Structures are given as structure tokens and as C-alpha cells.
Amino acid sequence: MTKKPASRIIHINGWPGTGKLTVGRMLAKRLGARLIDNHTLLNPAEALFTRSDPLHASLREQIRRAVFDHAVRADPAESFVFTDALADDEHDSAMFSWYVDLAAARGADLVAVLLDCAPEENARRLISSGRSEALKLTDTAKLQQLRANYKLLSGLAEHTVEIDTTDLSPERTAARILAHIGV
């Protein structure tokens with residue numbers, strides 16, 4: 001009898017436009033996992049409030065809490081792929097702890113994936129078609145500001161893989177992640 005692999009929580013972190021959602025979709029399909037991208041958690045607040053409105057942060061927090069509370073109770077064999085854009089600061093480090101806690105509560109392996117690419121390539125991807133309709137960041141000046149003022153959060157999980165996607169297709173990026181986790 002073949003033993004089913006352990007449940008996984010794959011957390012893909014990267015700047016807007018680095019390919020998180022595209023790669024996340026591929027991984028979820030290949031692994032038979034559930035995909036919860038950061039826009040699933042963010043867009044209801046984006047649709048209702050400006051980011052400066054305290055209700056924006058409040059709604060984001062409530063949605064995230066509800067999703068994580070339910071993910072803990074999902075079928076124990078279920079794996080999840082999450083996408084995020086977390087910076088190396090106290091607030092985002094605390095947010096990453098939600099993934100650590102979720103993996104522990106589910107008895108799942110947590111794999112942290114950091115995607116990055118050259119700033120010029122990142123800016124090019126940021127303005128690709130379909131991003132604004134999905135309420136995704138398309139402002140290259142804002143991206144440049146983020147990259148200048150923050151560093152991506154990394155190194156907080158036991159299993160971590162960092163990939164520069166500048167010259168990689170989403171398929172090759174997904175293949176590298178799958179190889180890292182032994183699939």
C-alpha cells in the first residue's frame with residue numbers, strides 16, 4: 001500500500017509582479033492543493049475601502065482570521081498553497097507566524113518559497129495586462145518605493161527555497177519548487 005505524502009503548506013512570498021499567483025496555480029494543480037492567493041484575502045477590503053481607512057486593515061484581518069480558522073479544520077490530507085507579499089519587518093514576521101501555526105495545527109510540512117526577479121523585469125511584469133482588473137498593483141513607482149524601502153521576508157521556515165525568476169518561465173519556477181519538496 002502506498003502512503004500518501006504528508007499535508008503541505010507552501011507559502012510563496014514575493015514582490016508584486018514576480019509570478020506568485022501564476023506559479024501558485026501550477027503548484028496547486030500539480031499537488032492537488034488548495035490555492036489561497038493574497039488577493040483572495042485582500043480584494044474584499046480593496047473593493048470597499050482605501051488603504052488609509054482603518055476599516056481596510058480591520059476587514060483584511062477578519063478575512064484572514066476566518067480563512068485560517070477554517071483551514072485548520074479542513075481535511076487533514078489537504079495541502080494549501082498561499083501567496084503573499086511580506087516584508088522583513090515586525091508586522092509581517094508576525095503575519096508569517098500564522099502560517100507556522102497553521103502548519104503545526106495541521107501537522108503539515110511548511111515550505112517557504114521566496115520569489116524575486118531583477119527590478120527592471122519586475123516593473124515590466126507589473127504592468128502586464130489583466131493586473132489592474134484583478135485589483136493588483138500596477139504602479140511601477142510604488143513598486144520601486146517598496147523595493148527601495150523594504151526587504152522581502154525570508155528564512156523563518158525550516159524548509160525554504162529562494163528563486164530568482166528573472167529568466168525563468170513560471171513552469172520552470174514551479175518545477176524547481178517541486179524538485180525542492182521532492183515531487
Side-chain angles (χ1 to χ4, degrees), residues 1-16 18-48 56-87 91-116 130-131 133-136 152-163 165 168-183:
M1 187 160 112
T2 309
K3 184 180 175 191
K4 186 170 181 170
S7 165
R8 291 184 180 95
I9 306 293
I10 298 177
H11 178 266
I12 303 173
N13 188 37
W15 299 117
T18 54
K20 299 181 302 288
L21 180 55
T22 303
V23 170
R25 284 181 178 137
M26 291 176 180
L27 290 174
K29 183 176 180 179
R30 176 70 165 79
L31 296 170
R34 303 280 181 172
L35 173 65
I36 303 171
D37 76 287
N38 53 313
H39 290 281
T40 298
L41 304 175
L42 177 64
N43 285 358
E46 290 286 309
L48 292 170
H56 186 281
S58 171
L59 180 55
R60 282 176 47 197
E61 171 86 13
Q62 288 179 26
I63 292 167
R64 183 176 289 271
R65 186 162 310 285
V67 167
F68 276 69
D69 287 348
H70 285 75
V72 166
R73 300 187 311 238
D75 180 335
E78 194 76 60
S79 291
F80 294 95
V81 176
F82 288 89
T83 69
D84 232 328
L86 300 180
H91 176 266
D92 286 0
S93 292
M95 191 172 295
F96 185 79
S97 71
W98 288 42
Y99 298 99
V100 173
D101 294 346
L102 176 61
R106 293 183 52 76
D109 292 330
L110 174 62
V111 178
V113 177
L114 183 69
L115 298 185
D116 200 359
R131 286 187 58 86
E133 293 83 7
L135 301 178
K136 293 181 169 191
L152 287 171
L153 182 67
S154 67
L156 297 183
E158 184 177 336
H159 305 288
T160 302
V161 59
E162 296 185 20
I163 301 174
T165 66
L168 291 179
S169 68
E171 294 81 7
R172 287 187 58 211
T173 301
R176 284 195 182 176
I177 296 165
L178 291 167
H180 178 80
I181 62 175
V183 175

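Side chains included, hydrogens not; waters and symmetry mates left out as well; all remaining heavy atoms used. Here, residue 1 is the first one in the sequence, and each next residue gets the next number. Everything numeric here is computed off the predicted structure, so don't read it as measured data.
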With sequence neighbours left out, write down each residue that passes side-chain hydrogen bond (donor to acceptor under 3.5 Å, both in side chains) with S169, or none if nothing qualifies. E171
Any pair with a residue in residues 39-48 that passes side chain to side chain donor-acceptor pair (under 3.5 Å), sequence neighbours left out, goes on the list, sorted by first then second residue, please. D37-T40, H39-N43, E46-R51, E46-H56
Going by the salt bridge (Lys or Arg N to Asp or Glu O under 4.0 Å) test, which pairs reach into residues 22-36, not counting sequence neighbours? R34-E78
Donor-acceptor check, side chain of T22 to backbone of G19, threshold 3.5 angstrom: yes or no? no
Is there a donor-acceptor pair under 3.5 Å between the side chain of S79 and the backbone N or O of A33? no
Distance from H11 atom NE2 to L114 atom CG, nearest 0.5 Å? 10.0 Å
I'd like to check I181 versus I10 (side-chain heavy atoms, cut-off strictly below 4.5 Å). Are they in contact? yes
Point-to-point distance, once rounded to the nearest 0.5 Å, from CD1 of I36 to CZ of F82: 4.0 Å
Checking L35 against L27 for the side-chain contact (heavy atoms from CB on, under 4.5 Å) test, could you report, in this order, the C-alpha distance in whole Å, the side-chain angles of both residues, the deciding distance, and whether it holds? CA-CA 9 Å; L35 173 65; L27 290 174; over 6 Å; no
Among L152, L156, L86, exactly one meets side chain to side chain contact (heavy atoms under 4.5 Å, CB included) together with D92. Which residue is that? L86
Contacts of type side-chain hydrogen bond (donor to acceptor under 3.5 Å, both in side chains), residue R60, not counting sequence neighbours: none
Show the nearest heavy-atom pair for residues L153 and S93, with the distance to one decimal. CD1-OG, 3.4 Å
Listed partners of T165 passing side-chain hydrogen bond (donor to acceptor under 3.5 Å, both in side chains), at least two apart: R125
With sequence neighbours excluded, tell me which residues meet side-chain contact (heavy atoms from CB on, under 4.5 Å) with S58. Q62
Which residue pairs pass the salt bridge (Lys or Arg N to Asp or Glu O under 4.0 Å) test when at least one of the two sits in residues 107-116, sequence neighbours left out? D116-R147
Going by the rule side-chain contact (heavy atoms from CB on, under 4.5 Å), which residues pair with H91 if we only count those two or more places apart in sequence or in a different chain? D89, M95
With sequence neighbours excluded, what pairs up with N38 under the side-chain contact (heavy atoms from CB on, under 4.5 Å) test? K20, T83, D84
side-chain contact (heavy atoms from CB on, under 4.5 Å) against D69, all qualifying residues, sequence neighbours excluded: R65
Between atom OG1 of T173 and atom CG of L115, what is the distance when rounded to the nearest 0.5 Å? 6.5 Å
Looking at residues at least two apart in the chain, or sitting in another chain, which of them share a ring-ring contact (aromatic ring centres under 6.0 Å, His included) with W98? F68
Tell me which donor-acceptor pairs under 3.5 Å the side chains of residues 70-77 have, and how far apart each pair is, sequence neighbours excluded?
unit_1	atom_1	unit_2	atom_2	d
H70	ND1	A66	O	2.8
H70	NE2	R73	NH2	3.1
D75	OD1	A77	N	2.9

